[in-house]
Undergrad: 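Got a structure here, written out as structure tokens. Questions coming.
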Protein chains: 4
Amino acid sequence: MMGIKQRRRREKEHRRRQILDAARELLFSKGLNAISVNQIARQAELAVGTIYFYFRSKEEIFAVLQEEGLELLLNDVHQALEKGTDAKESLHLIAQAYLNFSRDQKNYFDVINYFLSAADVMFAPEIKQQIDQHGNRILMVVEQALRDGIQQGHFKAMDTRRHALLFWVILHGLVPFRKMQDTLLAGDDHLAMYGFAVDHFIDGLKAF
Amino acid sequence: MMGIKQRRRREKEHRRRQILDAARELLFSKGLNAISVNQIARQAELAVGTIYFYFRSKEEIFAVLQEEGLELLLNDVHQALEKGTDAKESLHLIAQAYLNFSRDQKNYFDVINYFLSAADVMFAPEIKQQIDQHGNRILMVVEQALRDGIQQGHFKAMDTRRHALLFWVILHGLVPFRKMQDTLLAGDDHLAMYGFAVDHFIDGLKAF
Amino acid sequence: MMGIKQRRRREKEHRRRQILDAARELLFSKGLNAISVNQIARQAELAVGTIYFYFRSKEEIFAVLQEEGLELLLNDVHQALEKGTDAKESLHLIAQAYLNFSRDQKNYFDVINYFLSAADVMFAPEIKQQIDQHGNRILMVVEQALRDGIQQGHFKAMDTRRHALLFWVILHGLVPFRKMQDTLLAGDDHLAMYGFAVDHFIDGLKAF
Amino acid sequence: MMGIKQRRRREKEHRRRQILDAARELLFSKGLNAISVNQIARQAELAVGTIYFYFRSKEEIFAVLQEEGLELLLNDVHQALEKGTDAKESLHLIAQAYLNFSRDQKNYFDVINYFLSAADVMFAPEIKQQIDQHGNRILMVVEQALRDGIQQGHFKAMDTRRHALLFWVILHGLVPFRKMQDTLLAGDDHLAMYGFAVDHFIDGLKAF
DNA sequence: TATGAATGAGGTTTCATTCAT
DNA sequence: AATGAATGAAACCTCATTCAT
């Protein structure tokens, strides 16, 4: 029977999960900055060495966690796309989903941000590829919305790739301003600002 | 006499500068992540304790450095504004200045980013106020360009505050994608993408 | 039939070689201190456990490597003996061969030294015996040169065993001083010092 | 009063000693290989960081310990020199002192050896200088004995520096063969061999 | 025979901050 | 106002070896 190898692989996969569970648990209870490999090991009830048997480095664990986060985010965004009855509404829903995610899944959002803004974190190209590919899939959802809009005659012809990226940058870039409600936003409501930015973006797309 | 107190204040200010000089020196020679308080002390030829007499924490030093950075950035942005012959050109020049700053003054840009994205860093409100005020002044420059455009009849009427913020978010949010030239940008040139984003933003402003 | 057992033994020998090949490869590419059993296993494309099936410990692997080194050294020394036209010249050539070996086969020399100076490494007596036997054969070559010299009438009668050992000790002990060219040697040339030591030793042997 | 600074310096020196005492204690109880900085800290009842406040690295501690060892050795050797009534006897006594030291102060001897044979250990040149200088002083004692012998008419004229080094190399190189009493020495008594080597060296010096 | 997952103590070093002086 | 010694947790990672399969 082929059973033995398969069981082995299953068990190995199970350990990986166990470690990721521990890391995620810590991510959620203590936040991104409070995670050490020793803590992960303790939480997972495994030896430190075991962690390093399954993951090359601490950051590789983070990378997987980020992929998870991106996956969840992709899900949310995808559902937003489908819930919308037309392209404009889809974009609005996507934006809303994004903002919600940044609030409700703050920890995942932190991890995503960690890799997006950290200048120095350098990965083996293969890992980097994989991460960016997840980001790519999110972009593709936005692109889909844009293409839908064009087809529906609501949006002008455009480079959907670039517009999708721009859309994402706007959404993502606005999130941290929530902290500055009282200073930079000068009392302006963050949510309102956010909505305004989306509207403005969509306005720029409409066919005449 | 008031002389004594004044001298005292002057000397105190001098020490602060001494410390900041050291920190800046290190920032530029080693980068943001390689700075420790002990190193700053050594560089400043002061004792560690002295550092803590003049600054509550290491991050407070960074905060001041960030203000410096924002000041420089403000300068660049301001010059861009003035160099432009009309509002559209001004915005383009501002964008260009921003991108250049992120490249040429990478270290200052890192510090700025550090506070913008770091979720947890919590300051005494007065420091936070002061930092945000610097950001504010940059926003005001952008606002000025927008107001100019309106006055010149090139731009439609608008909430300049919000549009200025949006403009900044776009510029700022696009910078890190330089790293992803080969993945998320799918070979698209980062500079081109950046220019596109600016163009698109400006397009959305024009009066009909 | 004896065939099966023989095949078994052959295969076993083959595995051992496979492991030693891997270890040697690493010894030469990374140096003595950078070798871990896991690395050896990876290099040999075997499981770690397998390594431990064929060798009791990591040091046992090194021990075999040392034997190899001693074998090579023996070869060099032996050739030096034969190349010499008389005993004095032979000794000079041996000394030169030794010094060359310490430079050109630095890695093997390191392993040899490792066991010679490491105080604590304790082996099963049989391994120790075997290692020392290799050293013994080198000594015997030197002894041969000495005996030749006596027979040729160049050297006085002597305890060849002790003199051979003394010769070796001098050669071996001088090697590390290469590092101290500028300090302990006080600028004296290491090679010159080495030559001097050999000359002095030979001088002490001559018949009157 | 100047007292304060002096007291500070005294206390600092005291801490250094405290750390060295702990390190030495461990060196003697567990041997060279079993010393970790954490252990030193525990033994010294200090925090790990404190160790690093006083010493740049673990090896710097070893270096000081080695200097201590060399100092003791120098002492023994010096006394041997003075106890001898003539140069020949002095050399014999020095040799004996050396062998005794290698036995009685095995741990110090190990440290000395550690730096003498370790290929990779690299120091700041200043430390290296200081270490070698200690070695130098021992050499100078031997040289003194040689010069005495020349003056007394027992030894021929010679390069005392080189001969002293050679003498040391012989003594030092023979020590580890104590372990090989039953193999390489082929049953020959180590002490006898050692004595023989010294005799032979001295024989080579005599004036005719 | 051969596997390879698991161990876990151990390694060295850094660092922001405090506090007695 | 200034010093600088002291903290000690925390960081990440390695490695020889074992053992159940």
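Values reported hereafter were calculated over all heavy atoms of this structure, with side chains retained and with hydrogens, waters and symmetry mates removed. Chain A is the first sequence line, chain B the second, and so forth, proteins listed ahead of strands; every chain is numbered from 1.
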Undergrad: If we count only N and O atoms by modelled type, under 3.5 Å, do the side chains of Tyr114(B) and Gln66(B) hold a donor and an acceptor together?
TA: no
Undergrad: Does dA20(E) have a Watson-Crick or wobble mate here (both distances under 3.5 Å), and if so which one?
TA: dT3(F)
Undergrad: Just the rounded figure in Å: distance from P of dT12(E) to CZ of Arg56(D).
TA: 17 Å
Undergrad: Which listed nucleotide (dT18(F), dA16(E), dT13(E)) is nearest to the side chain of Tyr52(C)?
TA: dT18(F)
Undergrad: Calculate the interatomic distance between Ile19(C) atom CD1 and dA2(E) atom C1'; express it in whole Å.
TA: 11 Å
Undergrad: Kindly point out which of dT7(E), dT17(F), dA2(F) is positioned nearest to the side chain of Ser57(C)?
TA: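 Side chain of Ser57(C) sits closest to dT17(F).
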Undergrad: Would the distance check show the side chain of Arg24(B) and the main-chain N or O of Leu65(B) forming a donor-acceptor pair, the cut-off being under 3.5 Å?
TA: no
Undergrad: Within this structure, what is the CZ-to-P distance between Phe55(B) and dT18(E), rounded to whole angstrom?
TA: 16 Å
Undergrad: Specify the separation, in whole Å, of atom CZ of Arg9(A) and atom C1' of dA5(E).
TA: 16 Å
Undergrad: Quick one: are Val37(D) and Phe55(D) in side-chain contact, heavy atoms under 4.5 Å?
TA: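 Side chain of Val37(D) against side chain of Phe55(D), heavy atoms only: no contact under 4.5 Å found.
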Undergrad: Nearest to the side chain of Lys58(D), which nucleotide is it out of dA1(F), dT3(F), dG11(E)?
TA: dG11(E)
Undergrad: At under 4.0 Å between heavy atoms, what does Val37(A) touch on the DNA or RNA strands: base, sugar-phosphate, or nothing?
TA: sugar-phosphate
Undergrad: For Glu11(A) and dT3(E), what is the distance between atoms CD and P respectively, to the nearest whole Å?
TA: 18 Å
Undergrad: Given that Val48(C) and Glu45(B) both sit by DNA chain F, which one's nearest nucleotide is further toward the 5' end?
TA: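 This one resolves to Glu45(B).
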Undergrad: Of Ile51(A) and Arg15(C), whose closest DNA chain E nucleotide lies nearer the 5' terminus?
TA: Arg15(C)
Undergrad: Identify which nucleotide among dG8(E), dA2(F), dG11(E) has an atom closest to any side-chain atom of Ser36(D), counting heavy atoms from C-beta outward.
TA: dG11(E)
Undergrad: With heavy atoms under 4.0 Å as the rule, sort Ile35(B) into base, sugar-phosphate or nothing.
TA: sugar-phosphate
Undergrad: Could you state the interatomic distance from CD1 (Ile51(A)) to CD1 (Ile19(A)), rounded to the nearest 0.5 Å?
TA: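 Rounded to the nearest 0.5 Å, the CD1-CD1 separation comes out at 4.0 Å.
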Undergrad: Please state how far atom CD in Gln39(D) lies from atom P in dG10(E), giving the value in whole angstrom units.
TA: 7 Å
Undergrad: Please report, rounded to the nearest Å, how far the C1' atom of dA11(F) is from the CD1 atom of Ile61(A).
TA: 14 Å
Undergrad: At under 4.0 Å, does any side-chain N or O of Lys12(A) touch on OP1 or OP2 of dA5(E)?
TA: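 Checking dA5(E) against Lys12(A), a side-chain N or O does come within under 4.0 Å of OP1 or OP2.
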Undergrad: So what does Ile40(B) touch, heavy atoms closer than 4.0 Å: a base, only the sugar-phosphate, or nothing?
TA: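 Here Ile40(B) touches no strand at all.
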Undergrad: For the side chain of Phe53(A), starting at C-beta, report the closest nucleotide among dT1(E), dT12(E), dG4(E).
TA: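 When the side chain of Phe53(A) is considered, dG4(E) is the closest of dT1(E), dT12(E), dG4(E).
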Undergrad: If you round to the nearest 0.5 Å, how far is NZ of Lys12(C) from CZ of Arg9(C)?
TA: 10.0 Å
Undergrad: Judged by modelled atom types alone, do Gln18(D) and Arg15(D) share a side-chain donor-acceptor pair under 3.5 Å?
TA: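 Arg15(D) and Gln18(D) do have a side-chain donor-acceptor pair below 3.5 Å.
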Undergrad: For Asn38(C) and dT7(E), what is the distance between atoms CG and P respectively, to the nearest whole Å?
TA: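 Interatomic distance, CG of Asn38(C) to P of dT7(E): 15 Å.
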Undergrad: Closest to the Ala47(D) side chain: dT17(F), dG8(F), dT14(F)?
TA: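 Of the candidates, dG8(F) comes closest.
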Undergrad: Just to be sure I understand the rule, does Thr50(C) reach a base, reach only the sugar-phosphate, or reach nothing, if contact means heavy atoms closer than 4.0 Å?
TA: base
